[in-house]
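Some notes on the structure that comes next.
Chain naming here is simple, since letters A, B, ... match the order of the sequence lines and numbering starts at 1 in each.
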Protein chains: 2
Amino acid sequence: MGSQESLAASATSEIYTALKRDLIGGRFRAGEKLAINALKQHYRIGLSPLREALNRLAAYGLLEQENQRGFRVPALSRDELDDIIALRQRFEGEALTQALARGDADWEARLIGAGHRLKRADETATDLEQWEQAHLQFHRCLLEQCGSPWLLRFIEQLHDQFDRYRRMAPANPAIRETLDSQHAELVTLALAGHSRAACDLLQAHIRLSGEVALGACQIDERGQS
Amino acid sequence: MGSQESLAASATSEIYTALKRDLIGGRFRAGEKLAINALKQHYRIGLSPLREALNRLAAYGLLEQENQRGFRVPALSRDELDDIIALRQRFEGEALTQALARGDADWEARLIGAGHRLKRADETATDLEQWEQAHLQFHRCLLEQCGSPWLLRFIEQLHDQFDRYRRMAPANPAIRETLDSQHAELVTLALAGHSRAACDLLQAHIRLSGEVALGACQIDERGQS
DNA sequence: TATCATGGAAAAATCGATTTTTTACTATGG
DNA sequence: CCATAGTAAAAAATCGATTTTTCCATGATA
């Protein structure tokens, strides 16, 4: 009752969600080979739904799959992160421009709401996963009006990839504060309809966030040597 | 899938390849619900590898999946095709510009080779699937030097989506001839290093190819009414 | 007539066991 | 000492059967 979408649960989709969360959240080491039996026990799930979820994640790019030799968590690489950052800047800049051109009053309201929830999550800082959720929703809300489902799909995918790096990286409270303030300013510029300025700020936001994420590569390199 | 390192065959990857080919090749009706048992028999494959392949294809966007109610071939829509075309133009234009800036002698040689193979396939026209393969390889070769693995991945994905429309659409020999000549000219411009002109031509090529693909939507709309 | 309940067939999802393939280890010959 | 063939253990992939859920025809009720 009351739920907008009846998300009929299934073992596969649940384990998919859980694994995705844990992969992005950094609960697996980069480059690690997944022991399927161990996963089966840890998540209390049967083999079939587990394997189906792993296949989905591999197709999505959060896992690598080699025929007959199972699944592996992708390594972190500086080059790949640079690629992801550059594409995020272009794609999200594009999407924001279009979103501003198409946004209506309802969207403005949702954006303010998402911005408010995020600010609250910044302040309370009690539950990390809750902040991550609010942050993701905010960035989604900002662009969802752009009118291009495929562009949004790619942006989401890149965002997930990016977050894997960011969440492996050490926290940087100084930069974090700037990033938080940028969120608020993004709302202001978006509502004012300053397309160009909003776009520039979003790209700066991604670049700065990339500075933090870069820390993940250094950790990874140390670990390899 | 983009990077398949292992050459070892597996039932899952084989059925994945076969299903992908048949989905893009239009051997399923748009909107059709897949009867898993029928697929099992038709492809002479067990249930587990089949389901794993279906999960991969759903994550890739060539199938839709609803919890507890199986898999469905996505409908064709004019809006989606417009989205795909617009993104292909932007992404591939971007990639071509970068490819030209980075291309070396070896790439030039490969491009000439791919162009030659495609021309031969145009002329002989004996085996449709063979031409499709040469065509795909040509477009891949044109952009592969761009240096952005993620951009290439998205381009490939959009190309597959696009081809599903194109191959459902009725053939248009007149336009086909123009498209073929554009391939040759793309090679010329690329080798000459005329970045801007090559980029414009590629975008025109995609737009014109889109005109053909549009025919699929009309067929689909007739079928629905 | 429209709505809602019901049961059984069909389909999807899941499980447990089996088969196949890889990996790690050991012994053997060059 | 290195290379390599053999083999046992482990892991991955696949199969066949079972369980769960949906779908749809039927009939009862207001």
Note: A:D122-A:R176 ion pair, threshold 4.0 Å (strictly below): no

After noting the C-alpha distance and the side-chain angles of B:E32 and B:R72, does the key distance pass the salt bridge (Lys or Arg N to Asp or Glu O under 4.0 Å) rule? CA-CA 6 Å; B:E32 176 181 352; B:R72 183 175 294 280; over 6 Å; no

Taking the basic N atoms (NZ, or NE/NH1/NH2) and the acidic carboxylate oxygens, is any pair closer than 4.0 Å for A:E156 and A:R140? yes

If an axis is fit to five pairs at each end of the helix from C:dT1-D:dA30 to C:dG30-D:dC1, what is the angle between the two, to the nearest 10°? 30°

Within the side chain of A:T97, is there an N or O that forms a donor-acceptor pair under 3.5 Å with the backbone of A:G93? yes

Is a donor on one side and an acceptor on the other found under 3.5 Å between the side chain of B:W107 and the backbone of B:C141? yes

Walk me through whether B:R110 and B:E144 qualify under salt bridge (Lys or Arg N to Asp or Glu O under 4.0 Å). CA-CA 11 Å; B:R110 283 203 308 281; B:E144 71 187 352; 3.0 Å; yes

Donor-acceptor under 3.5 Å (B:Y60 side chain, A:Y60 main chain): no

For nucleotides 12-18 of chain C, 5' to 3', base contacts (B), sugar-phosphate-only contacts (S) and non-contacts (-) with protein non-hydrogen atoms under 4.0 Å give SSBB-B-

